[in-house]
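The next block holds one structure in the form of structure tokens; read it before the comments.
Values reported hereafter were calculated over all heavy atoms of this structure, with side chains retained and with hydrogens, waters and symmetry mates removed. Proteins get letters first, then strands, A, B, ... in listed order; numbering begins at 1 in each.
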There are 4 protein chains.
Amino acid sequence: MSNVKGPDHSRRKERSRQAILAATRALVAEEPYEKITVEAIAARAGVGKQTIYRRWPSKSAVVFAAFLALSEDGEDGRSVALPDTGDIEADLKLVMRATVEEFADPSFDRMIRALTTEIAVDAALAAEYREKLARPLAEAKKARLRSAQAAGQLDPAADLDLVLEVLYAPLFQRWLHRGGPLTTAYADALVDATLRAFGPGRR
Amino acid sequence: MSNVKGPDHSRRKERSRQAILAATRALVAEEPYEKITVEAIAARAGVGKQTIYRRWPSKSAVVFAAFLALSEDGEDGRSVALPDTGDIEADLKLVMRATVEEFADPSFDRMIRALTTEIAVDAALAAEYREKLARPLAEAKKARLRSAQAAGQLDPAADLDLVLEVLYAPLFQRWLHRGGPLTTAYADALVDATLRAFGPGRR
Amino acid sequence: MSNVKGPDHSRRKERSRQAILAATRALVAEEPYEKITVEAIAARAGVGKQTIYRRWPSKSAVVFAAFLALSEDGEDGRSVALPDTGDIEADLKLVMRATVEEFADPSFDRMIRALTTEIAVDAALAAEYREKLARPLAEAKKARLRSAQAAGQLDPAADLDLVLEVLYAPLFQRWLHRGGPLTTAYADALVDATLRAFGPGRR
Amino acid sequence: MSNVKGPDHSRRKERSRQAILAATRALVAEEPYEKITVEAIAARAGVGKQTIYRRWPSKSAVVFAAFLALSEDGEDGRSVALPDTGDIEADLKLVMRATVEEFADPSFDRMIRALTTEIAVDAALAAEYREKLARPLAEAKKARLRSAQAAGQLDPAADLDLVLEVLYAPLFQRWLHRGGPLTTAYADALVDATLRAFGPGRR
DNA sequence: GCATAAACGAGACGGTACGTCGGGTCTTCCA
DNA sequence: TGGAAGACCCGACGTACCGTCTCGTTTATGC
């Protein structure tokens, strides 16, 4: 009665698409980025090259789509909420320490480097990245910061985008340039500095 | 007294080396990075490919060497000193605004993106980058920060590497991800935030 | 009694079949043979590729079928009778000159080259060619030669297959290898030589 | 003093060239023509595809060059002289029987079919074929025929090109179309017919 | 006279080979 | 003897077709 056409009425299409993205993720995780080739992805996915080129214009786009698909799996929204214990310092340190840990995973490291390389070079991809990946995450974080503002733990006039940059960009840059060890202490130090810069009654 | 080595025994060597680096810089400035090929560099420099591979192990290394040579031109050290008017806030804002302006130059933009891409992917190059390019610059900046500490304008206990990261990383990340406009106001805001975080009597 | 199967119980079938063969003939006539693709035939015929593969096993077979259909149009047999004025020399020269003229038509030229290529390479097709195209034609010609034998204009012991080969093969080879101009005089010379070789009282 | 440049002053070039031609001949002899690919030739020759494309514009050209090289091996001319015992009939039957035998060799068969296919379709190749392969052979044969004319065994007014066609084309056509068995008797019959057509005192 | 299954057009699919590009190596020849 | 020139091997590129495989959508009966 219901579902006459079905949501997946084109199964072959979808199967090959998933195979391609999965193969891409696997390769990105295990190979240095410059060794990833469309041919390798196709072979690993058991797919013809044309099937890839029919859907995406370039290797970058496939790699990026693989990331997108990854983060879209935790689908309907709330997978990206931050903890809110009422203590902004504790909550941020938790999150920053978790981030530090993520970067320590070699296959995550390779994946993010691949993504960063693509984004650095291709403005269109960068726009899509900001829209589909970065912004939703930033919004979740800003929600937590707004809650801190309401609780009087953060300057109510603070530019939250700037706050996030001051908090995260040093970590990102140190990781990208391999400029030093990413430790728990470093994560804490960033939270402390950020709260000193944007804490209450500072302006 | 001068003329330490052989008189002209290796003039040809040096000429071709300079030609290669100049050609590389020219290409990096005018083409998107992925279009740069060793063949193009050799052609532009009027040099055989082997002459390039005799000196550098890979395309990345050539590109990187071109950057190195660029910054080594202002040779004997003092080209990288920061202004010191006694007012740290004013001095930093001056420097940050200048940085913002540099990034606005399209050919500088292309060059730094190329450099960043190489560094992100190749750990050995990243180490050389830190050693030969990043550290000398950081040292010059830290010298200015130490002067500010001595003048009581900065927390004497502040970790200066961290200060620099909080100051520069947000700018770098916003540029790299094209996350927003790089304005004078933004430069100032970063300086303000940094000084709030690491100003005197804050710890 | 008649109409056992119904003349048009599959009109769609027949229409698409004709469209495919017509498209094939058109392409063969206007393109060099190596550019002919099943995809092009299907597109030109307004037909799905599967409709072609449902009927024929290979491109060669389609091309060949297009020829067959062409010569089957002059249907019920007698379209291939040769003139018989009682003068074998005159009749053969007439026929040979007509053949020379056919080869001069560029689109006929392309078609026969395509056919020859297929046949040269595929033994099964060659067998079908001999059976369905070459033999009926050869029989018609041999009928005329037998009439000449009866009239005492040709050695009654002559091997008529050999006579036909001596008559036609030089023309065919000269055309295939582009070994020289195909003229009326050449046609006549072949008839003359053949009649000298197989004329009456020669053995 | 002598040999300033040397005939082989580019050894690498020549080595790879020979490897390509040898690999092509091997493949042509053992595979049906349509299965021969440039990739297979390159792989077999231990050579990059580019090295093939640098020298020849198409697969056809390589295949053809392989034939050319083959017949150029018996270099300085006299490898193509025909026997001359003074008896034209005996000599021609000898040669025709040898030709019949050649066509019976499967790998020779494949090679000539490949060559014929190329030539049928590509006019430029056909011209080169006539010039470099067919004509020298035809000249050798015509030399023998002229000797027969001088000996009064052949019509002195006969068009020798036509004689050769009448002699060879039927054999070639029967082989190409697989129109019947190629036997010793058939070879003899062709010689007989030809000599009846162009024997002395016939015109 | 309407339902239904075969055949259809369209075109995506897994593949193979194409002809090109560029990386990094090796050879030749000139200055 | 070192460098310009460029051929070489290799491997990936992105494209063209192959022959197969779904897809809905006609039609042309057969219930």
Given DNA chain E, 5'-ward residue of the pair D:Ala40 and A:Gly48, judged by closest heavy atom: A:Gly48

Would you kindly give the [atom1]-to-[atom2] distance between [X] and [N], to the nearest whole Å?
{"X": "B:Lys35", "N": "F:dC13", "atom1": "NZ", "atom2": "C1'", "value": "14 Å"}
{"X": "D:Ile36", "N": "E:dT16", "atom1": "CD1", "atom2": "P", "value": "19 Å"}
{"X": "D:Glu14", "N": "E:dT27", "atom1": "CD", "atom2": "P", "value": "17 Å"}
{"X": "B:Arg44", "N": "F:dA4", "atom1": "CZ", "atom2": "P", "value": "17 Å"}
{"X": "C:Glu34", "N": "E:dA17", "atom1": "CD", "atom2": "P", "value": "19 Å"}
{"X": "B:Gln18", "N": "F:dG3", "atom1": "CD", "atom2": "P", "value": "14 Å"}
{"X": "B:Glu39", "N": "F:dA7", "atom1": "CD", "atom2": "P", "value": "11 Å"}
{"X": "C:Ile41", "N": "F:dG19", "atom1": "CD1", "atom2": "C1'", "value": "14 Å"}

Tell me what [X] touches on the nucleic acid: a base, only sugar-phosphate, or nothing, going by heavy atoms under 4.0 Å.
{"X": "C:Ser16", "result": "sugar-phosphate"}
{"X": "D:Arg55", "result": "sugar-phosphate"}
{"X": "B:Lys59", "result": "sugar-phosphate"}

Closer than 4.0 Å, any side-chain N/O of [X] to the OP1 or OP2 of [N]?
{"X": "B:Thr51", "N": "F:dA4", "answer": "yes"}
{"X": "B:Arg54", "N": "F:dG2", "answer": "no"}
{"X": "B:Tyr53", "N": "E:dG24", "answer": "yes"}

Among E:dA12, F:dC9, F:dG14, the one nearest D:Val47 by side-chain distance: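 The closest nucleotide is F:dC9.
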
Per B:Lys49 side chain, nearest of listed nucleotides F:dC18, E:dT25, F:dT15: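 The listed nucleotide nearest to B:Lys49's side chain is E:dT25.
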
Closest heavy-atom pair and its distance - C:Thr117, D:Val121: OG1-CG2, 4.2 Å

Toward the 5' end of DNA chain F, by each residue's nearest nucleotide, C:Ser58 or B:Ala42: B:Ala42

Steps toward side-chain hydrogen bond (donor to acceptor under 3.5 Å, both in side chains) verdict (D:Arg55, D:Ser16): CA-CA 11 Å; D:Arg55 280 200 237 272; D:Ser16 72; 2.7 Å; yes

NZ/NE/NH1/NH2 to OD/OE distance under 4.0 Å, C:Glu30 and C:Arg44: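 Salt bridge flag = yes for C:Arg44 with C:Glu30.
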
Electrostatic pair D:Glu31-D:Lys35, nearest N-O below 4.0 angstrom: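 Salt bridge absent between D:Glu31 and D:Lys35.
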
Polar pair under 3.5 Å, donor/acceptor by atom type, side chain D:Gln50, base F:dC8: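 No such pair is found, so the answer is no.
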
Heavy-atom side-chain contact between B:Val38 and B:Tyr53 under 4.5 Å: yes

